Amino acid sequence: MASGMFRAATQSSRALRSAAAAPTVRTLLSSTTSRSARAVLQRTLRPTLTASFHTTPLRFTSEVESNPMKETPVITPDNITVGGKTYPSDKFTNVTPTILEKTTRQLHLIPKHPIAIIKDLIASGFPGFKHYDTFPPVVTTKENFDDLCFSDDHPGRAVTDTYYLNEKTMLRTHTSAHQLQVMTESDKILVTADVYRRDEIDASHYPVFHQMEGAQLFDVKTAVDVIRKEIAQSTSAASGSVHTTDTTLITPENPKQDCHDEAAMLATADHLKHSLNMMVRKLFSHEKDLQVRWIDAQFPFTSPSWEMEILYQGKWLEVLGCGVIRQDILNNAGKPDKIGWAFGLGLERLALVLFGIPDIRLFWSKDERFLRQFEPGTIQKFKPFSKYPACIKDISFWSNDQFHENNFCEIVRDVAGDIVEDVQLIDEFTHPKTKKRSMCYRINYRSMDRNVTNDEINVLQEKLRDEVVNRMKVELR
Ligand code: DAH
């Protein structure tokens, strides 16, 4: 998955996409585009924004009609209107109509949608927590990055990885963007929302997914006693057995914050891990011997930090990132006398596993055959409807310095939408004399609900070839 923006800034962008994202099944390419090159590329992408926005969002009867996120977004050459608000565009602007249409969907608010079902199940394990799930996805760069101690050069800020409405306004890349705001209001909070990251295309990657953020704060003075009592009293309600391995240690690489009292920090960390162990135990109560492990991690906004992984079908799957909240953030929230933990988890990742959903695009399906399979409050295995044949097309070109795979995938999404199942780089070489780089991508077109004809795909592929030349200035081969 592309830049899991949220680990240490020193890692390569591609290796960074983290715990709270949708599942990472394979690592594709390394991201080598320089910052200045990205800025140039961004300008070449801007003309797409003049496209008018046609898609009519699907309405569900249970929706609150007054929800401004349900209003159709509008893009003009100068402005973007989304969620009933208008933002002037500038050279950072890179949101597209395809992406803005997703902001109207609000899957986590559709009661029988698997994302909402998982959301409710997890939230029921955190009684007494105030749950915010209607925050609009447009946030400031201050909320998404600065308030959370991201460095100025953190790769997560790159225009290749993040959707910008303009220099200071963006689609949130994680629910942590609301941490500061909600922590001023309560000491026990959950935030569920749609989050947006520019990304590659395959069965487990999608540029929009859903996260749940949780945080709990304690009075520093009484934290140790309160936490020890609470852990001692809590019992597991679930019947399944969970085997948890935790060999993590507090080290200089994953340190205690200087300002923290060691006992209070250790108690907070124990409470965090205990709460999350209970949460997975509840979600996976049907699994006989669930293996869970804790590993060290790094996030700009927590220290120490960890990730939880679960062993699923022979592979360790990252489920969430978490840690002890940076005291600066609590101080800025007006809570200097508190110590606290926070976590962020990816809901698609859990839903794919628990419901056995084979392709992440299905969550966005408007096909009744998908939605009618699920009931609020229960996890039942998805019964696939027929798989339609694929239509495969290759596109080869001489690349250039500004080329970035996420920009290429964005054009593919704009042209063909969810009909594209997978995009893979199948060949790459540098010409020995001219030093020009040749790339060949294979596009796998497959609809989830109907047969596609070769003729209709040819039209899309031709359009893609034109757009790639226009917008990326590459030379087709
Ligand atoms: N925001 C992180 C991400 O999207 C996940 C995360 C990690 C959230 C640690 C947290 C946290 O609240 O403490 O990758």
Side-chain angles (χ1 to χ4, degrees), residues 1-9 11 13-24 122 126 129 132 135 137 139 143-150 154-157 161-163 170-183 187-199 205-217 248 254 257 265 268-269 271-273 275-276 279 294-309 317-330 333 338-350:
M1 192 127 232
S3 60
M5 35 208 12
F6 310 140
R7 299 191 200 169
Q11 298 174 29
S13 168
R14 181 66 69 179
L16 284 167
R17 176 61 64 95
S18 72
T24 305
I122 300 175
F126 291 94
F129 279 58
Y132 302 80
F135 286 141
V139 299
E143 289 164 319
N144 200 86
F145 298 124
D146 307 341
D147 286 349
L148 293 160
C149 314
F150 279 66
H154 194 285
R157 295 182 188 253
D161 288 29
T162 292
Y163 290 103
M170 55 183 284
L171 296 180
R172 74 185 144 227
T173 56
H174 56 165
T175 41
S176 309
H178 302 287
Q179 261 194 24
L180 186 62
Q181 176 193 346
V182 294
M183 282 186 320
D187 287 352
K188 288 177 164 192
I189 41 161
L190 297 174
V191 178
T192 304
D194 40 336
V195 303
Y196 297 76
R197 296 183 193 175
R198 299 188 77 203
D199 215 339
H205 293 121
Y206 205 79
V208 194
F209 54 100
H210 295 78
Q211 288 187 331
M212 184 186 282
E213 191 87 6
Q216 180 162 1
L217 314 183
T248 60
N254 195 15
Q257 297 169 51
M265 185 279 290
T268 306
H271 193 270
L272 165 67
K273 287 178 173 173
S275 308
L276 294 171
M279 184 271 296
W294 287 96
I295 55 170
D296 285 308
Q298 277 179 303
F299 302 101
F301 36 92
T302 47
S303 190
S305 313
W306 303 280
E307 278 170 5
M308 177 198 267
E309 296 186 332
L317 187 79
E318 290 174 21
V319 174
L320 59 86
C322 63
V324 178
I325 300 167
R326 277 206 180 277
Q327 202 59 35
D328 286 345
I329 301 176
L330 290 178
K338 304 267 171 172
I339 184 165
W341 54 248
F343 70 82
L345 56 83
L347 296 178
E348 272 79 354
R349 185 167 286 187
L350 286 169

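Numbering of ligands and ligand atoms starts at 1, following listing order. Please read all numbers here as calculations on a predicted model, not as lab measurements. Values reported hereafter were calculated over all heavy atoms of this structure, with side chains retained and with hydrogens, waters and symmetry mates removed.
Residue contacts with ligand 1: Gln179 is placed with a nitrogen or oxygen under 3.5 Å of a nitrogen or oxygen of the ligand (distance criterion only). On a distance-only criterion, Phe299 and ligand 1 share no N/O pair closer than 3.5 Å. The shortest N/O to N/O separation between Thr302 and ligand 1 does not fall below 3.5 Å.
Comment: Lys338 engages Asp187 in a salt bridge, judged by a side-chain N to carboxylate O separation of less than 4.0 angstrom. With respect to Asp147 and Arg326, no salt bridge is recorded, no charged nitrogen being found less than 4.0 Å from a carboxylate O.
Ring orientation note: the planes of Phe301 and Phe150 are close to parallel, at an angle under 30° on the 30°/60° scale. In this structure, Phe135 and Tyr132 have parallel ring planes: the angle between them is below the 30° cut-off, well short of the 60° mark.
Interface of Gly323 with ligand 1, defined as ligand atoms under 4.0 Å from a residue heavy atom, comprises 13 (O). Interface atoms of ligand 1 facing Gly321, defined by a heavy-atom separation under 4.0 Å, are 6 (C), 7 (C), 9 (C), 11 (C). Near Gln211, with a cut-off below 4.0 Å to any heavy atom, the atoms of ligand 1 are 3 (C), 4 (O).
When the heavy-atom distances from atom 12 (O) of ligand 1 to His174, Glu213, Arg326, Met212 are ranked, the shortest goes to Glu213.
Both the backbone and the side chain of Ala342 come within 4.0 Å of ligand 1, counting heavy atoms alone. Of the heavy atoms in Arg197, only side-chain atoms (C-beta onward) come closer than 4.0 Å to ligand 1.
Remark: the backbone N or O of Ser303 is paired with a side-chain donor or acceptor of Gln257 at under 3.5 angstrom.
Side-chain atoms of Arg197 and His174 form no donor-acceptor pair, as typed in the model, at a separation below 3.5 Å.
Residue contact check for ligand 1: Gln298 places no non-hydrogen atom closer than 4.0 Å to it. At least one heavy atom of Phe301 sits less than 4.0 Å from an atom of ligand 1.
Aromatic pair Tyr196/Tyr206: ring centres not closer than 6.0 Å.
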